[in-house]
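Contents: one structure, followed by commentary.
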Number of protein chains: 2
Amino acid sequence: MTVPEQPRRADARRNVEGIRRAALDVFRTGGLTTPLDEVARAAGVSKGTIYHRFGSRRGLIDAVVDDLVAERIQGIIAAVGELDEPLARFEEYLLRMFLLQYDEPAANDVLVRALPDSEPLLNLCEKAQEFAFGLLRAAQEAGVIRPDLTPDDVNHLILERGAIVRSCGCTQSRADYQRRLRFLLDGLRSNPFPRTS
Amino acid sequence: MTVPEQPRRADARRNVEGIRRAALDVFRTGGLTTPLDEVARAAGVSKGTIYHRFGSRRGLIDAVVDDLVAERIQGIIAAVGELDEPLARFEEYLLRMFLLQYDEPAANDVLVRALPDSEPLLNLCEKAQEFAFGLLRAAQEAGVIRPDLTPDDVNHLILERGAIVRSCGCTQSRADYQRRLRFLLDGLRSNPFPRTS
DNA sequence: TACGTTCTTGACCATGGAGTCAATCTTTCT
DNA sequence: AGAAAGATTGACTCCATGGTCAAGAACGTA
């Protein structure tokens, strides 16, 4: 009952849609931990209705997370798939992930798992994770990424970035944020490999 | 009256000392934002007494921050002062700062300024900051640190580290944490400069 | 020892957010 | 239209934290 299937009455169906839309909007700008009262206000509905329709915060998240994040992450995977060079593939993946974290607090919350675990969420994360591990191995086999970087380290990089964006996100411009990402990425390359800058 | 000078009665003096000691202990392990109730419990007094004696959380922080952090930071500055090479000086400073942030949540809170500003605190931060800027310039003039790294970037590195430690500190061992710092520091070096690893 | 002064206490207020539910309103079916 | 099932409401509870204050306890001095 987390995702309500066809409520019987017209007003209920209307509200479910309105709440979904409002949640999309509010979560998009404020992250998935935004107070539900705000979602309720944005939807023109009382908080109780949300709990009635979606059961809990997590139910609501499950109902919108796909629209919110899935296609962004799949977009990243697709974009990286276009590239050929192992180094470019690995770096592009991380760069785009980091930028996604900056751009969408909600996506960040998903990646950081700072919320009640839900199935579609976990699937998404694991899929992205496996993809990243593949990129890492390829880049290391090509000798362009330092061999002492582990898959676990890559996960940590994402988590750390999440923490950073949460607390220092608003204090730096996107341009500065992106420029600083270069420092980080350069530190992951193999020793003698030349840099972009 | 933030730092009570000689309360008149013996029990008051005793309590001030007890509270200071308890705060030192509690803040040390939990950071400067730990609920004052905990400090009160540790000191065996009631919360009201703390407010009475120190006026506010900030008053209490002012009264202990020196013992808590000052000598650690001064120790870092001193240790770095022993070194000769510009690269080693700059990297040692950052490394020690980052480790201090890991080891002492309270020190981290100070560096991140995640609390009511207080005078001794600000002095300390600015002193360390100026010192760091000097190290950066020297290292850049020697050509060992990338020239596009700005003083502002260095500040950000500290702030970001603070956010990381706050939220992912407990999920990684100190050894892993330190190993990963290497990635970061390597990314700050000048292009053709060889790495340690 | 007794009294005035200084201290301490813990119950109290306020804030802000999660989550619940009985009462009330709305839809829909006949 | 009327009634039953379904839906909404908003006031309520609960929890955690920061901070206050009147009343009573402890000190120390005469």
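All chains are named by letter (A, B, ...) in the order of the sequence lines, taking the proteins before the strands, and each is independently numbered beginning at 1. Computed from a predicted structure; not experimentally measured.
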* **Among dG18(D), dT8(C), dT8(D), the nucleotide that comes nearest once only the side chain of Arg57(B) is considered** =>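 Given the options dG18(D), dT8(C), dT8(D), the side chain of Arg57(B) is closest to dG18(D).
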Starting at [atom1] of [X] and ending at [atom2] of [N], how long is that distance when rounded to a whole Å?
X	N	atom1	atom2	value
Phe54(B)	dG18(D)	CZ	C1'	17 Å
Arg41(B)	dT8(C)	CZ	P	19 Å
Glu38(A)	dA18(C)	CD	C1'	14 Å
Arg58(A)	dG19(C)	CZ	P	12 Å
Arg53(B)	dT8(C)	CZ	C1'	9 Å
Ile50(B)	dT8(C)	CD1	P	11 Å
His52(B)	dT20(D)	NE2	C1'	9 Å

* Gln172(B) and Arg180(B) side chains, donor-acceptor separation under 3.5 Å -> yes
If the threshold is 4.0 Å, N to carboxylate O, is there a salt bridge linking [X] and [Y]?
X	Y	result
Arg179(B)	Asp176(B)	yes
Glu17(A)	Arg53(A)	no
Arg182(B)	Asp186(B)	yes

Has the side chain of [X] got a donor or acceptor atom that lies under 3.5 Å from a matching backbone atom of [Y]?
X	Y	result
Asp153(A)	Thr150(A)	yes
Gln101(B)	Ile158(B)	yes
Gln74(A)	Val69(A)	no

* Taking the nucleotide of DNA chain C with the closest heavy atom to each, which residue, Ser46(B) or Asp37(A), is nearer the 5' end? -> Ser46(B)
* To do: Select from Gly48(A) and Leu36(A) the residue whose nearest nucleotide in DNA chain C is closer to the 5' end of that strand.
  => Leu36(A)
* To do: Find which nucleotide of DNA chain D each of Pro35(B) and Gly44(A) is nearest to by heavy atoms, and output the residue with the more 5' nucleotide.
  =>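 Nearest nucleotide further toward 5': that of Gly44(A).
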* **Where protein sits on nucleotides 24-30 of chain D, one letter per nucleotide: B base, S sugar-phosphate only, - none, heavy atoms under 4.0 Å** => --BSS--
* Indicate, yes or no, whether a donor-acceptor pair under 3.5 Å links the base of dG19(D) to the side chain of Lys47(B). => yes
* To do: Would you indicate, yes or no, if dT20(C) has its OP1 or OP2 atom less than 4.0 angstrom from a side-chain nitrogen or oxygen of Tyr51(A)?
  =>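 No, because none of the side-chain N or O atoms of Tyr51(A) sits under 4.0 Å from OP1 or OP2 of dT20(C).
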